[in-house]
Amino acid sequence: MNHKKNKKFWPRAIVFIDMNAFFASIEQLDFPELAGKPVGVTNAELGTCIIICSYEARRHGVKTGMRIREAKQLCPDIIKRPSRPNRYTEVSTGIMHSLQQLTDIIEVFSIDECFLEVTGSQSLLGTPEQISRRAKEIVFETSGLICSVGVAADKITAKYAASIHKPNGFYTVHPDDSESFLSEVPIDALCGINKGVKKFFADYGVHRCGDMKTIPISIPAKRFGNIGRRMWLMCQGQDPDPIHPIVPPPKSIGHGKVMPPNTKDKIVIKTYLMHMAEKVTSRMRHHQLQSSTFFIGLKTQDWGWLAKKYQTSVAIDDGKALCKLVIQFLNDEWRGEGVWQVQVTALSPISAGEQLDLFSQGNEQTKIQCKIVDQINDKYREFTIAPASLLKRSTMPNVIAPAWKPTGHRKSV
């Protein structure tokens with residue numbers, strides 16, 4: 001139940017928007033024959049694990065992360081759909097841009113979640129509840145999809161409020177009621193408190209948010225630093241974290257891919273590594289970035305990560321040069337272990353214009369070739385033109401990075 005207050009304007013107002021079963025909902029939207037039916041989205045036709053499922057499937061007990069075989073035991077009629085990352089990012093981008101009608105202070109939390117700071121919008125657009133209801137309308141007008149919305153005076157309370165009446169939910173928590181609203185909520189129901197943190201607080205008798213004020217803030221602060229202070233405050237409806245609309249410069253640019261379990265074929269492993277190297281350098285070029293430090297790794301079944309950092313004499317953004325490094329790594333570090341994941345990451349990238357390239361004349365032809373290839377691949381699709389060595393690369397589609405954003409260097413799959 002929402003609380004009515006005499007005070008019209010809030011000193012701080014945060015709206016949290018959560019798209020309901022986002023990927024599955026887009027499949028049902030684009031393919032009307034799926035409407036009202038249990039849908040499970042997997043990573044490509046060969047995928048065996050459910051990325052997300054519709055609410056019709058959830059009513060049968062199907063969950064994210066469940067194997068298709070297990071899901072069919074619970075819901076024999078479940079319809080498997082291969083994921084379409086580019087379509088999902090397209091819809092998300094449209095939604096995030098359209099919400100700028102309400103405020104330009106927006107933090108994209110994930111591809112299907114965002115925070116809106118609407119404190120300054122109240123004088124023009126009305127109460128926080130009116131603004132958030134308009135947000136729901138904008139989402140539907142833009143995408144044809146429903147969403148759940150939470151409104152509160154801080155981020156964590158707003159996020160939890162949005163989870164109460166899914167799907168298509170709406171819940172408002174007035175600033176005066178934040179602490180009492182959360183008092184009986186288990187602390188691990190709040191974003192950012194995992195099982196390990198839950199156990200730490202349980203040792204101090206803190207199980208529900210209302211228990212948090214029985215211990216001094218110094219206890220979580222000593223163990224977790226500023227994050228501990230934030231947890232102590234957010235359990236009392238006082239999350240101090242501001243909205244972060246600006247994406248900071250990248251600390252790294254990386255791509256990885258899961259392989260068939262226990263892969264020992266050197267040619268296959270090399271192809272996967274080169275595939276990731278080409279993706280990393282293409283992404284750097286698109287954002288005018290270069291790097292001279294690279295992390296290259298293989299995750300093995302028995303020994304964990306086999307990894308090494310490499311330093312180049314000058315910063316690069318050329319796939320051919322990075323592919324030489326991954327081949328060197330494979331020859332030097334791999335001893336036949338079974339591999340199930342690869343990773344290639346550019347560390348501490350810098351702007352391509354930050355250094356004087358002493359070899360710029362010698363690299364001019366390479367730069368021109370990369371520019372032409374990028375233009376063709378951008379116009380048609382990724383790897384329309386690619387090195388011949390990648391013709392037998394993985395057919396598994398790209399996945400959307402957890403830190404995906406609709407603009408900038410994090411707009412990647």
Side-chain angles (χ1 to χ4, degrees), residues 1-2 15-96 98-99 108-114 132-133 135-151 158-172 185-186 188-189 191 396-400 402 404 413:
M1 180 181 294
N2 295 341
V15 176
F16 181 75
I17 295 176
D18 184 355
M19 302 304 300
N20 300 139
F22 189 48
F23 299 172
S25 295
I26 292 175
E27 295 301 317
Q28 291 176 321
L29 178 71
D30 290 352
F31 302 94
E33 65 273 18
L34 300 178
K37 296 181 180 179
V39 174
V41 179
T42 62
N43 190 21
E45 290 286 357
L46 298 178
T48 60
C49 188
I50 292 177
I51 299 173
I52 198 73
C53 59
S54 67
Y55 279 89
E56 292 84 358
R58 295 181 191 189
R59 283 194 283 269
H60 291 271
V62 179
K63 298 178 180 179
T64 297
M66 185 176 284
R67 295 287 181 181
I68 280 289
R69 182 186 305 173
E70 183 182 355
K72 285 187 174 181
Q73 293 175 348
L74 297 171
C75 181
D77 296 329
I78 192 169
I79 300 170
K80 177 182 172 182
R81 293 291 304 176
S83 64
R84 297 180 295 148
N86 290 335
R87 173 59 175 155
Y88 307 150
T89 58
E90 175 190 24
V91 175
S92 180
T93 300
I95 291 171
M96 302 305 178
S98 68
L99 289 169
V108 179
F109 193 64
S110 68
I111 190 170
D112 60 349
E113 299 174 311
C114 67
S132 52
R133 289 194 182 280
K136 282 178 69 74
E137 293 173 355
I138 289 173
V139 169
F140 185 78
E141 292 165 1
T142 302
S143 65
L145 301 173
I146 60 173
C147 64
S148 292
V149 174
V151 194
K159 191 175 191 307
Y160 180 75
S163 69
I164 293 177
H165 295 309
K166 285 186 176 183
N168 201 25
F170 186 92
Y171 201 98
T172 302
V185 175
D188 59 333
C191 179
M396 293 294 284
N398 295 323
V399 296
I400 301 169
W404 179 91
V413 292

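If you read the sequence from its start, that first residue is 1, and numbering goes on from there.
- Atom NZ of K166 is surrounded by more than 12 heavy atoms from other residues, nucleotides or ligands within 6.0 Å.
- In summary, E27 and R84 engage in a salt bridge, as defined by a charged side-chain N under 4.0 Å from a carboxylate O.
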Which is it for F23 and S83 under the side chain to side chain contact (heavy atoms under 4.5 Å, CB included) test, yes or no, and what are the steps along the way?
CA-CA 8 Å; F23 299 172; S83 64; 5.6 Å; no
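- The two residues I400 and T89 make their nearest non-hydrogen contact at CD1-CG2, 3.9 Å.
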Does the pair Y55 and N168 meet the rule for a side chain to side chain contact (heavy atoms under 4.5 Å, CB included), with working shown?
CA-CA 11 Å; Y55 279 89; N168 201 25; over 6 Å; no
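- Considering all non-hydrogen atoms of both residues, V185 and A189 come closest at CG1-CB, 3.7 Å.
- Panel note: side chain E113, backbone F16; no donor-acceptor pair is recorded below 3.5 Å.
- Here the shortest heavy-atom pairing between I95 and T142 reads N-CG2, 4.0 Å.
- Going from atom CD of E137 over to atom OG of S98 covers 12.0 Å, rounded to the nearest 0.5 Å.
- A donor-acceptor pair under 3.5 Å links the side-chain atoms of K136 to the main chain of C147, judged by distance alone.
- Closest approach of P167 and S148 over heavy atoms only: C-OG, 3.8 Å.
- Residue C49 comes nearest to R67 through the heavy atom pair CB-NH1, 4.1 Å, listed as atom of the first residue, atom of the second, then distance.
- In this structure, the separation between OG on S110 and CE on M19 is 11.0 Å, given to the nearest 0.5 Å.
- Across all their heavy atoms, C114 and V108 have their closest contact at CB-CA, 4.1 Å.
- Side-chain contact check for C53 versus K63: every heavy-atom pair is 4.5 Å or farther apart.
- Between I17 atom CD1 and L99 atom CG the span is 4.5 Å, to the nearest 0.5 Å.
- With hydrogens and angles disregarded, a donor-acceptor distance shorter than 3.5 Å links the side chain of S25 to the backbone of N20.
- In this structure, CD1 on I26 lies 12.0 Å from CZ on R81, to the nearest 0.5 angstrom.
- Side-chain contact between W404 and T93 is present, with heavy atoms from C-beta onward closer than 4.5 Å.
- Residues I78 and I50 are in side-chain contact: their nearest non-hydrogen atoms beyond the backbone lie under 4.5 Å apart.
- Remark: Y171 OH to H165 NE2 distance equals 6.0 Å, nearest 0.5 Å.
- Residues I52 and Y88 are not in side-chain contact: their nearest non-hydrogen atoms beyond the backbone lie 4.5 Å or more apart.
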Under the side chain to side chain contact (heavy atoms under 4.5 Å, CB included) criterion, do F31 and V39 qualify, and how do the steps go?
CA-CA 11 Å; F31 302 94; V39 174; over 6 Å; no
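- Note that CG of L74 is 14.5 Å distant from CZ of R59, once rounded to the nearest 0.5 Å.
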